[in-house]
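Accompanying notes for the structure given below.
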Protein chains: 2
Amino acid sequence: MAKYRQIYEQLAEKMRSGALPAESKLPSETELMHAFEASRGTVRKALDLLQEHGYVRKHHGKGVFVLRRDQIEFQFNGIVSFSEVYASMLGRSIQTTVASFEEIEAPPWLAERMNLEPGTEMYRIERVRNFDGENVILDVNYFVKDLVPGLTEAVAAHSIYHYIEHELGLQISYAKRKIAAEDVTALDRVRLDLHDYEYVIVITNDTFLYEGRQFEYTESRHRLDKFQFSDVARR
Amino acid sequence: MAKYRQIYEQLAEKMRSGALPAESKLPSETELMHAFEASRGTVRKALDLLQEHGYVRKHHGKGVFVLRRDQIEFQFNGIVSFSEVYASMLGRSIQTTVASFEEIEAPPWLAERMNLEPGTEMYRIERVRNFDGENVILDVNYFVKDLVPGLTEAVAAHSIYHYIEHELGLQISYAKRKIAAEDVTALDRVRLDLHDYEYVIVITNDTFLYEGRQFEYTESRHRLDKFQFSDVARR
DNA sequence: CTGTATTTGTACGTATGTATG
DNA sequence: ACATACATACGTACAAATACA
């Protein structure tokens, strides 16, 4: 692992364990240089990463300060699937059914979007989230088969992310999300209890591994009235 | 402005204008060094920023490639005000008009939400964003007068965040945001060109100063078809 | 398949600027 | 005025991934 990542990990671990408590000031860059036997640029790169990930805040001329932990954890929620976050927010349970589970070759639009070879083998999964007796969310997942081998319908019914991280031991790095309203499609009408709604809120999700390779593309399609998203942003 | 930011701006502008089209490869770091008369580290810092903001994707050993970038997009990495997001999007006509500017006492629902004394003095501002000749976004801002003194209609027409940070020197710390669809209100019908849309996407925003005091509550109401939100979630 | 050139990634060292106390 | 701490910028060297002859 790169040196600046090692420094990042060690400092992050100290913050999580409480050895570096919230509100406290980190040692200066010069001190960290000596402590880790690294150049200042390398130390700075680790600190930049910590700030980007919400662990610390740098103040020109003052120092680097540890942020409160609750905000960090909130950030962690961000990468988990929306339906799960949504469920925990409402304190109710959502029932998931796997509506479709296929192995396909990547269609051209997806291959281009994910920067894959045409014809790459993929899993395509449709899952419906039922809340209070109504189907309100449709998740369509595409996974690269090579990167996420051994996916089954049983896993899909449980938690795919848990499988990826704990069973396969893959490290998820980041996800790009986009939220927008779209016209209802024929598939939406089949899978969801739409009533008279003509639009759905669509969350597209491109998820990347630590090495920067994209292993997933997902569309999460929500009925308008059952959609809610919240987060905390920092300067 | 820092040199790496200038390089960032110039490259970003070329991508927005199409001089550097999507999918194309940027000149190598060495070429950019000579073109901008900068060191490689400086060029790299600009490229890192471009990647962080979703303009490009760097590929080890291959090069740096321009990503697709469609319609109106909210780049929500951190707290960003409207004019900051769209300042860069010149060439597409976006105009802001202040539709209403009042000094009021905090209504009960707001006092409770912001944890204020009943009757706290506030500014209430309505601003309409016109995109390609249509009014598509309505912002309703509430500011605590004591914390943001001297706000005027002229400031509101320009950039309130710029005023708060640079003129008043206040430190914004974090913002809680929520996004949901809501029924169109009478006010929406007055201010926006809604066509037949019966719903708007509403982003509510509670913004806090560094000491933890809330100074702002804002509702940003978007016409369905002109709403897009994107961000990057990291582990 | 093999070496070579190209391109980005990491790391180090140094110098100077800017904000804070 | 002075010291401290972070920000920017330059230069150099080597490693790692990729492309190509």
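Here is the naming used below: chain letters follow the sequence lines, and residue numbers restart at 1 for every chain.
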Please tell me if R44(A) has a side-chain N or O lying less than 4.0 Å from either OP1 or OP2 of dA7(D).
yes
Would a 4.5 Å heavy-atom cut-off, applied to side chains only, mark I137(B) and S220(B) as touching?
yes
Would you please confirm or rule out a distance under 4.0 Å between OP1 or OP2 of dT6(C) and any side-chain N or O of T30(B)?
no
From CZ of F65(A) across to C1' of dT20(C) the rounded distance in Å is 10 Å
Taking only side-chain N and O atoms of K3(A), does any of them lie within less than 4.0 angstrom of OP1 or OP2 on dC12(C)?
yes
Answer whether the closest heavy-atom distance between the side chains of Y217(A) and T204(A) falls below 4.5 Å.
yes
Given dT8(D), is OP1 or OP2 found less than 4.0 Å from the side-chain N or O atoms of Y4(B)?
yes
Mind checking if E31(A) touches a base, just sugar-phosphate, or nothing, with heavy atoms under 4.0 Å?
nothing
How many Å lie between CZ on R5(B) and P on dT8(D), as a whole number?
7 Å
Of the nucleotides dT10(C), dC6(D), dG9(C), which one has an atom closest to the side chain of K58(B)?
dG9(C)
Taking only side-chain N and O atoms of K62(A), does any of them lie within less than 4.0 angstrom of OP1 or OP2 on dT4(D)?
no
Round to a whole Å and report the spacing from CG of D48(B) to P of dT8(D).
13 Å
If you define the side chain from C-beta out and look only at heavy atoms, does anything of H59(A) sit under 4.5 Å from F65(A)?
yes
Checking contacts here: which listed nucleotide (dA13(D), dC10(D), dC6(D)) is nearest the side-chain heavy atoms of R40(B)?
dA13(D)
Can you find a heavy atom in the side chain of V144(B) that is under 4.5 Å from one in the side chain of L116(B)?
yes
5' priority, DNA chain C, between G41(A) and K25(B) [closest heavy atom]
K25(B)
Over 60° means perpendicular and under 30° means parallel, so classify the ring planes of F101(A) and Y123(A), tilted if in between.
tilted
Side chain of A2(B) (C-beta onward), nearest among dT10(C), dT8(D), dA19(D):
dT8(D)
Would you kindly check whether a donor in the side chain of H60(B) faces an acceptor in the base of dT18(D), or vice versa, at under 3.5 angstrom?
no
Between T42(A) and dC12(C), does any side-chain N or O lie under 4.0 Å from OP1 or OP2?
yes
